[in-house]
Amino acid sequence: MSAEVCRETAEHPRLLKLSSALFYAGSSFLITVVNKTVLTSFRFPSYLFLGIGQMITTIVVLYLAKKSNTVKFPDFDRSVVLKMFPLPLLYVGNHVTGLASTKKLSLPMFTVLRKFTILMTMILEAYLLRKTFSRRIICSVVTIVFGAMVAASSDLAFDVEAYTFILVNDAFTAATGVYTKKKLGDQSLGKYGVLFYNALIIVLPTLLASAFTGDLHKALSFEDWSDVAFISCFLLSCFMGFVLMYSIVLCSYYNSALMTTVVGALKNVAVAYIGIFVGGDYMFSWINFLGLSICMSGGLVYSYLTFNSSQPPGNKAEGTQEQKIFIPEDLSRKD
């Protein structure tokens, strides 16, 4: 499976790889800012309800596109659930913890701690796909993680709950990226089928969870539903949720799970520094700012090395030695 995925990725035109990566970067940047505005600036109390709105938007848009023959994907049957598992569970975990951490963390710290996703994705690709990585790639990852740790060590707004949410979100994001790439290898579903059924399977359980916990009541009782500015931002966030998920699937389809993670890291360079001035919840300190800069520098180097690869990042043949990450044979999974 992994060899087939890598071969298909290498065959895609460079223009499609680059354009899908830029599309994902732009979508990820916009939705982070919009979500931060809704959850922090307007103090909307329910990140779960916002996630439900994004899921419903994805379902409606793709359903109408299918009915108008704009896109094609198979009709629902019982086998779809088995084909999609465990991606919907990973997706909802990624979605909910991502919105929760966006609400509780300043944008700079959010983007710094998201860098741990790169390390987690690398480990998962080594575990599931048997990939190896050059020493330069590993060094850049170490730089990213070191910078994140420096920044986190002096975060004046440290919150245990917020840090837990973001680190769990990193794990969900890494797993979602790797499994999305694997599911895209199933030609019977296609990229639109993966996106549509992913949202369809999880929207009702998420809605029930929201109602059971009282989260739905808090969202519906929010006092600014009559505010045109808030409604505009909320609807934009819902639509951008669909755009983001589509851009992730597209980037993973034309590139790799690790490349998608790298693009997210590159996007975070802009978000982190803009976040110092936007959101109003960043507490400045020189050590924290130094950690941010180290982390972002490592991200830029990592992105440069990856984008200049003519082959998938994990399989690039270089003059330098590759550092292999070994997995014990009795614990390994077969593709």
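One is the number of the first residue; the rest follow in order along the sequence.
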Gap between atom CG of L220 and atom CH2 of W225 - 0.5 Å precision: 7.5 Å
Co-members of V228 in a cluster of I, L, V, M, F, W and Y side chains, linked at under 4.5 Å: none
Using modelled atom types and a 3.5 Å cut-off, is there a donor and acceptor pairing between side-chain atoms of S237 and backbone atoms of C233? no
Test M55 against every option in N198, T206, L50 by the side-chain contact (heavy atoms from CB on, under 4.5 Å) rule and name the one that passes. T206
Of the non-hydrogen atoms in L62 and V71, which two are nearest, and what is the gap between them? O-CG2, 4.2 Å
Beyond-backbone contact of Q54 with N35, side-chain heavy atoms, under 4.5 angstrom: yes
For a 4.5 angstrom cut-off between non-hydrogen side-chain atoms, does S210 reach I52? yes
Say you draw a straight line from CD1 of I31 to CE of M245; how long is it, rounded to the nearest 0.5 Å? 9.5 Å
Rounded to the nearest 0.5 angstrom, the CG-CD1 distance for L90 and I202 is 10.0 Å
Take the angle between the ring planes of F44 and F49 and call it parallel below 30°, perpendicular above 60°, tilted in between. tilted
Side chain to side chain contact (heavy atoms under 4.5 Å, CB included) partners for L236, two or more places apart: V34, M240
Check: T143 and V301 side chains under 4.5 Å, non-hydrogen atoms: no
Hphob cluster co-occupancy, I123 + I166, side-chain heavy atoms under 4.5 angstrom: yes
Please test V194 against F73 for side-chain contact (heavy atoms from CB on, under 4.5 Å), starting from the C-alpha separation and ending with a verdict. CA-CA 9 Å; V194 169; F73 53 87; over 6 Å; no
same_hphob_cluster(Y63, L200) at 4.5 Å side-chain heavy-atom cutoff: yes
When every non-hydrogen atom of L244 is compared with those of Y24, the smallest separation belongs to CD1-CE1, 3.8 Å
For the OG1 atom of T173 and the CG atom of L124, what is their distance to the nearest 0.5 Å? 11.0 Å
Between F222 and F230, does the ring centroid distance fall short of 6.0 Å? yes
Hphob cluster co-occupancy, F196 + L204, side-chain heavy atoms under 4.5 angstrom: no
S247 and S27: which non-hydrogen atoms are nearest, and at how many Å? OG-CB, 3.7 Å
Got a sec, which residues hit side chain to side chain contact (heavy atoms under 4.5 Å, CB included) with A229, two or more places apart in sequence or on another chain? F42, D227
Apply the side-chain contact (heavy atoms from CB on, under 4.5 Å) test between Y246 and each candidate in V243, I248, V249, L250; give the one that qualifies. L250
Would a hydrophobic clustering, with Ile, Leu, Val, Met, Phe, Trp and Tyr connected at side-chain separations under 4.5 Å, put V60 with I201? yes
Taking all heavy atoms of C238 and all of T57, pick out the closest pair and write down the distance. CB-OG1, 3.3 Å
Side chain to side chain donor-acceptor pair (under 3.5 Å) filter on S297, not counting sequence neighbours, yields none
ring-ring contact (aromatic ring centres under 6.0 Å, His included) partners for F76, two or more places apart: Y197
Consider only side-chain heavy atoms of I, L, V, M, F, W and Y, link residues closer than 4.5 Å, and tell whether I137 and V142 are in one cluster. yes
For D77, enumerate each residue passing the salt bridge (Lys or Arg N to Asp or Glu O under 4.0 Å) test, keeping only those at least two apart in sequence or located in another chain. none
Assess whether atom CZ of F146 is packed by more than 12 heavy atoms of other residues, nucleotides or ligands within 6.0 Å. no
Taking the side chain from S68 and the backbone from A65, do they hold a donor-acceptor pair closer than 3.5 Å? yes
Step by step, work out the side-chain contact (heavy atoms from CB on, under 4.5 Å) result for F212 and L208. CA-CA 6 Å; F212 180 76; L208 291 175; over 6 Å; no
d(F234 CZ, D224 CG) to nearest 0.5 Å is 12.5 Å
Kindly give the heavy-atom pair with the smallest separation between A174 and T121, and that separation in Å. CB-OG1, 3.4 Å
I need the minimum non-hydrogen distance between L167 and M120, along with the two atoms involved. O-CE, 3.9 Å
May I ask you to check if K66 and Y192 form a cation-pi contact, with NZ or CZ under 6.0 angstrom from the six-membered ring centre and within 45° of the axis? no
Calculate, to the nearest 0.5 Å, the distance between atoms CD1 and OG belonging to I138 and S140 respectively. 9.0 Å
